[in-house]
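The structure under discussion appears below in the form of structure tokens.
Along the sequence shown, residues are numbered consecutively beginning with 1. Below, all heavy atoms of this structure are taken into account, side chains as well, without hydrogens, waters or symmetry copies.
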Amino acid sequence: MPATDPYTVRLAPEVYAYVQPDGGWCLNNAGFVSDGRSTLLIDTAATERRARALRETVLAAGVPLPRTVVNTHHHGDHTYGNAVFAPEAVVIGHDACRSEQFAAGHQLHLVWPRTDFGDITITAPTVTYADRLTVHVGDTEVRLIHPGPAHTIGDSIVHLPERSVVFTGDLVFRGGTPFLAMGSLRGSLRALELLRSLDATHVVPGHGPVGDPAVYDETERYLRYVEELADAGHAKGLTPLEAARAADLGEFAGWRESERLVANLHRAYAELDGLPEGSPLDVATVFADMTAMNGGVPVACHA
């Protein structure tokens with residue numbers, strides 16, 4: 001049977017991925033790097049309970065609790081658990097990750113009011129960067145790279161060049177549908193090229209199982225599919241919802257959260273209309289259209 005409980009994958013002697021099946025809404029991946037004396041954690045979790053389970057997993061690996069937490073972007077499934085590790089750990093993220101986290105606040109509570117998130121204190125990065133930043137964990141170099149607007153406007157790629165490992169954050173979903181509503185379609189395509197250039201062997205997506213560079217090709221095929229669908233629908237004067245309802249998902253039909261197609265078309269349409277990459281969309285409209293695509297059932301948080 002497929003795993004349902006979180007599990008770790010040891011990618012190198014000092015590097016672990018923390019995977020939360022099945023990678024659906026609010027079930028993100030995290031990871032940690034440790035030399036046995038200091039530990040860096042990559043992302044947290046959507047609920048206090050899950051963040052505390054992550055904390056126990058770090059301790060069970062026989063390494064210290066993190067002195068540093070890196071957020072790959074501001075979304076609550078990757079950041080709500082920051083307070084479980086702070087103030088002992090310093091939180092690092094892109095400049096826009098900090099500002100967007102404050103702007104979003106307890107946004108997941110508003111989207112999923114029936115979910116028990118626990119005691120969540122918004123804990124944004126206190127150390128930020130604009131383009132690139134390097135952190136050292138013992139002898140392991142951890143490079144943070146901002147790809148520009150992609151999944152959000154404040155994404156960070158976490159690259160461990162000596163270990164041939166990259167944590168992509170939500171630039172990549174494996175087995176799940178990408179989500180571009182708060183970022184950029186064009187920027188996401190550029191981000192894939194940047195990820196390829198890093199030449200990492202082990203790829204830890206933001207959601208879904210650990211993979212290899214083949215996941216970039218899968219993601220690019222989907223993004224090109226959205227691009228073509230948007231071009232055709234926009235030219236015909238179809239709304240994003242009309243274009244999404246008429247679409248044949250083909251090879252992507254089995255991916256989780258297929259309703260995100262309409263959200264991605266909203267983003268693609270905005271770019272076709274000439275809006276700057278990362279321009280805010282009407283979140284209420286986007287989620288309403290995803291509910292419509294989901295047969296009238298609101299998307300569910302699985303945390």
Taking the side chain as every heavy atom from C-beta outward, state whether His109 and Ile120 have any pair of such atoms under 4.5 Å apart. yes
Would you say Leu189 ends up clustered with Phe252 if hydrophobic residues are merged whenever their side chains have heavy atoms under 4.5 Å apart, either directly or through other cluster members? yes
Does Glu259 use its side chain to pair, donor to acceptor, with the backbone of Met293 at less than 3.5 Å? no
Are Leu195 and Ile42 linked, directly or through intermediate hydrophobic residues, by side-chain heavy-atom contacts shorter than 4.5 Å (ILVMFWY only)? no
Asp77 versus His207, side-chain donor and acceptor atoms under 3.5 Å: yes
Does Leu41 reach the side chain of Val70, with side-chain heavy atoms less than 4.5 Å apart? no
Using the rule that Ile, Leu, Val, Met, Phe, Trp and Tyr join whenever any side-chain heavy atoms are under 4.5 Å apart, tell me whether Leu133 and Leu194 fall into a single cluster. no
I would like to know whether Glu220 and Arg224 meet salt bridge (Lys or Arg N to Asp or Glu O under 4.0 Å); could you show each step before the answer? CA-CA 6 Å; Glu220 181 174 3; Arg224 296 294 183 191; 3.4 Å; yes
So, does Asn28 use its side chain to make a donor-acceptor pair with the main chain of Ala45 at under 3.5 Å? no
Checking Thr57 side chain against Ala53 main chain: does a donor-acceptor pair fall under 3.5 Å? yes
Quick check: does any side chain N or O of His78 sit under 3.5 Å from a backbone N or O of Thr44, one acting as donor and the other as acceptor? no
Evaluate the side-chain proximity of Leu144 to Val158: yes if any heavy-atom separation is below 4.5 Å, no if none is. yes
Run the numbers on Glu257 and Arg260 for salt bridge (Lys or Arg N to Asp or Glu O under 4.0 Å), then give the verdict. CA-CA 6 Å; Glu257 291 84 47; Arg260 291 178 181 165; 3.8 Å; yes
Can you see whether Ser184 engages Glu271 through a side-chain donor-acceptor pair at a distance of less than 3.5 angstrom? yes
Is the closest side-chain heavy-atom distance between Asp289 and Val286 below 4.5 Å? no
For a 4.5 angstrom cut-off between non-hydrogen side-chain atoms, does Glu141 reach Leu160? no
Stepwise side-chain contact (heavy atoms from CB on, under 4.5 Å) check, Val137 with Thr39: CA-CA 7 Å; Val137 182; Thr39 301; over 6 Å; no
I'd like to know if the side chain of Thr177 pairs up with that of Arg256 as donor and acceptor (distance under 3.5 Å, no hydrogens or angles considered). no
Check step by step if side-chain contact (heavy atoms from CB on, under 4.5 Å) holds for Val69 and Val90. CA-CA 6 Å; Val69 173; Val90 172; over 6 Å; no
Counting distance only, does the side-chain N/O of Ser156 pair as donor-acceptor with the main-chain N or O of Gly93 below 3.5 Å? no
If you measure only the distance, is there a donor-acceptor pair under 3.5 Å linking the side chains of Asn264 and Tyr222? yes
Distance only, no hydrogens: is a donor on one side chain within 3.5 Å (strictly under) of an acceptor on the other, for His234 and Asp273? yes
Check for a donor-acceptor pair, side chain of Asp155 on one end and backbone N or O of His151 on the other, with a separation under 3.5 Å. yes
With ring pair (Phe, Tyr, Trp, His ring centres under 6.0 Å) as the test, pick out the partner of Phe179 among Trp255, Trp25, Phe173. Trp25
Is there a path of hydrophobic side-chain contacts, each under 4.5 Å between heavy atoms of I, L, V, M, F, W or Y residues, that connects Leu192 with Leu198? yes
Are the side chains of Leu265 and Val226 in contact, using a 4.5 Å heavy-atom criterion? yes
So among Phe32, Phe167, Tyr7, which one has a ring pair (Phe, Tyr, Trp, His ring centres under 6.0 Å) with Tyr16? Phe32
Asp35 (side chain) donor-acceptor with Ser38 (main chain) under 3.5 angstrom: yes
Taking C-beta and beyond as the side chain, do Val58 and Tyr18 meet within less than 4.5 Å on heavy atoms? no
Mark yes or no for whether Arg98, through its side chain, and Pro125, through its backbone, hold a donor-acceptor pair below 3.5 Å. yes
Transitively linked via ILVMFWY side-chain contacts under 4.5 Å: Leu281 with Val299? yes
Is there side-chain contact between Ser34 and Leu40, with heavy atoms separated by less than 4.5 Å? no
Does the Asn71 side chain pair with the main chain of His74, one donor and one acceptor, at a distance under 3.5 Å? no
Using atom types as modelled and distance alone, determine if a side-chain donor or acceptor of Arg132 lies under 3.5 Å from a backbone N or O of Ile145. no
